[in-house]
Amino acid sequence: MNLFFRYIFWRITLTTLSATFIFLLVFSTLFFLAELRSLENNYQFLNALLYILMQAPVNFIEVFPICTFIGSLLGLGNLSINNEITALQVAGVSTRKLLQWTSLTGAFLVFIVTVIGTSFAPQVHLLSKEYRSELVMDLSSSIGEQLWLKDNQNIFRFSKLDQGINIDQATVFNFDSDGVLKSVTELDELRPENDLWAYESSTATFFNNEVINAAYDTNGSVAYLSITKILDSIYVREDLLALPVLYEYMNFFSDNAMNDKRYAYAFWYRIGFFFSVFIMVIAALPFILGSMRIINTGTRLVFGLTSGVSYFIFIKLLLNYGQLYNIDPFAMMMSPHIFLGIAVYCYLFRSTSLSS
């Protein structure tokens, strides 16, 4: 039995990784061709190629769930076409045992995508963005946009942000507990240094009853730790953040009366993402098992591939429309995976004698 398990385990795993590599190669090639339109004096062919290679871990995360389903379909489908599934059943391997084996394989694939998705993929994604922006964008003119953030009794206005986290100018409005403006501080040329924000110059205006005082300082530093976290999140896609970090951002935004839906949806999307990798391996079984006198294996594979692609498109639509119409994130992101898991188990239980 252990030999059979290892055979199925490696067949599904290697087929999944092969499908992921092919998808990654195709998408990377398309992205690279599109990136060639951005070539200019400082951003040349090799720079674009390096940028696309740095994007590979993120693209790997994107395509892995659907490749897991495709790999499971093709791996198990090849066994079915060669009558090896039938031979296993004749040898006494029950559907329950096949379900256990595929579940262990799914858990291993979840481990792979978790290691890549939570270790270096977010960091490499951020580095790739900074690398490209330094070559393509004129950081001296920046993007000319403003960002407003709230942190307890402070309201921040950041001006001229670049694609890193350096800031040309920031204005801090400080209020007391009654909502009365206490001071306005303007900071120039902010840059992060460890747990502090260093600045080149600072001008502060203090409002004390009817008295207005001003202060000027140069080459100092301030501590706005929560703002550092927020700015970090701006440049790393929220769906690539580690789950504990996502949970922290979600609570921070909620506690400060800011819209936390973006992080709440990303949090439950990530939970559903890992669950989908696991369930996709099991979901391949109904398309493989059963009598070929009713529907042959080739037809099942085609139908399975179509169903898998449609399912992931549906999940992406739920992610966007759920935020648009302010629907509960857990219900939108988890219910499809839960229903799919229940449907697959019920099918296997009723149609293929899982209980035997």
Side-chain angles (χ1 to χ4, degrees), residues 27 55 57-69 106 109-126 128-129 145 147-151 156 158 161 163 165 226-280 283 307-343:
F27 286 132
Q55 290 283 302
V58 173
N59 295 331
F60 177 90
I61 301 300
E62 292 285 348
V63 303
F64 195 77
I66 184 62
C67 289
T68 300
F69 184 66
L109 295 176
V110 169
F111 172 76
I112 291 178
V113 76
T114 301
V115 171
I116 296 176
T118 60
S119 58
F120 60 91
Q123 288 77 15
V124 174
H125 176 71
L126 177 59
S128 68
K129 292 297 183 182
E145 296 183 355
L147 175 68
W148 291 80
L149 296 173
K150 180 178 180 295
D151 173 27
F156 299 82
F158 299 114
L161 284 75
Q163 291 300 312
I165 52 178
S226 55
I227 297 304
T228 302
K229 296 176 182 178
I230 293 177
L231 290 176
D232 284 341
S233 72
I234 293 172
Y235 300 107
V236 180
R237 281 172 35 190
E238 61 272 10
D239 59 320
L240 293 176
L241 295 171
L243 287 176
V245 178
L246 268 176
Y247 186 76
E248 182 180 353
Y249 282 141
M250 187 170 58
N251 288 336
F252 176 83
F253 274 69
S254 178
D255 294 341
N256 287 278
M258 294 186 288
N259 187 4
D260 67 335
K261 288 296 183 182
R262 185 164 71 112
Y263 295 99
Y265 264 92
F267 179 81
W268 289 111
Y269 175 79
R270 287 292 298 280
I271 297 291
F273 172 85
F274 294 126
F275 185 72
S276 68
V277 173
F278 175 78
I279 200 65
M280 282 299 104
S307 301
V309 173
S310 302
Y311 179 76
F312 283 103
I313 293 176
F314 176 68
I315 295 299
K316 287 292 185 180
L317 290 176
L318 288 183
L319 176 63
N320 295 321
Y321 281 99
Q323 296 180 74
L324 179 63
Y325 294 105
N326 200 28
I327 304 175
D328 181 70
F330 175 82
M332 291 294 285
M333 292 293 94
M334 292 302 297
S335 56
H337 303 305
I338 294 174
F339 289 148
L340 177 63
I342 294 174

Exercise. Evaluate the side-chain proximity of Ile271 to Met334: yes if any heavy-atom separation is below 4.5 Å, no if none is.
Key: yes

Quiz item: So do Ser276 and Ile315 actually touch side chain to side chain, heavy atoms under 4.5 Å?
Solution: no

Exercise. Taking the side chain as every heavy atom from C-beta outward, state whether Val124 and Val58 have any atom pair closer than 4.5 Å.
Key: no

Quiz prompt | Minimum heavy-atom distance between Met280 and Thr68, given as atom pair plus value | solution = CB-CG2, 4.2 Å

Practice problem: Tell me, please, which residues at least two apart from Ile327 pass side chain to side chain contact (heavy atoms under 4.5 Å, CB included). | Solution: Tyr265, Tyr325, Met332

Quiz item: Roughly how far, to the nearest 0.5 Å, is the OG atom of Ser307 from the CG atom of Leu340?
Solution: 10.0 Å

Quiz item: Hey, are the side chains of Tyr311 and His337 touching, using non-hydrogen atoms and a 4.5 Å cut-off?
Solution: yes

Quiz prompt | Contact summary for Ala331 and Pro336, nearest pair of heavy atoms | solution = O-CD, 4.1 Å

Quiz item: Is any side-chain heavy atom of Glu62 closer than 4.5 Å to a side-chain heavy atom of Phe27?
Solution: no

Quiz item: Looking at Phe267 versus Tyr263, is the centre-to-centre ring distance below 6.0 Å?
Solution: no

Exercise. Measure the CD1-CD1 distance between Ile342 and Ile279 for me, rounded to the nearest 0.5 Å.
Key: 9.5 Å

Quiz item: Sequence neighbours excluded, which residues qualify as side chain to side chain contact (heavy atoms under 4.5 Å, CB included) partners of Ile66?
Solution: Ile70, Val309, Phe312

Self-check item: side chain to side chain contact (heavy atoms under 4.5 Å, CB included) against Phe274, all qualifying residues, sequence neighbours excluded
Solution: Val110, Val113, Thr114, Leu243, Arg270

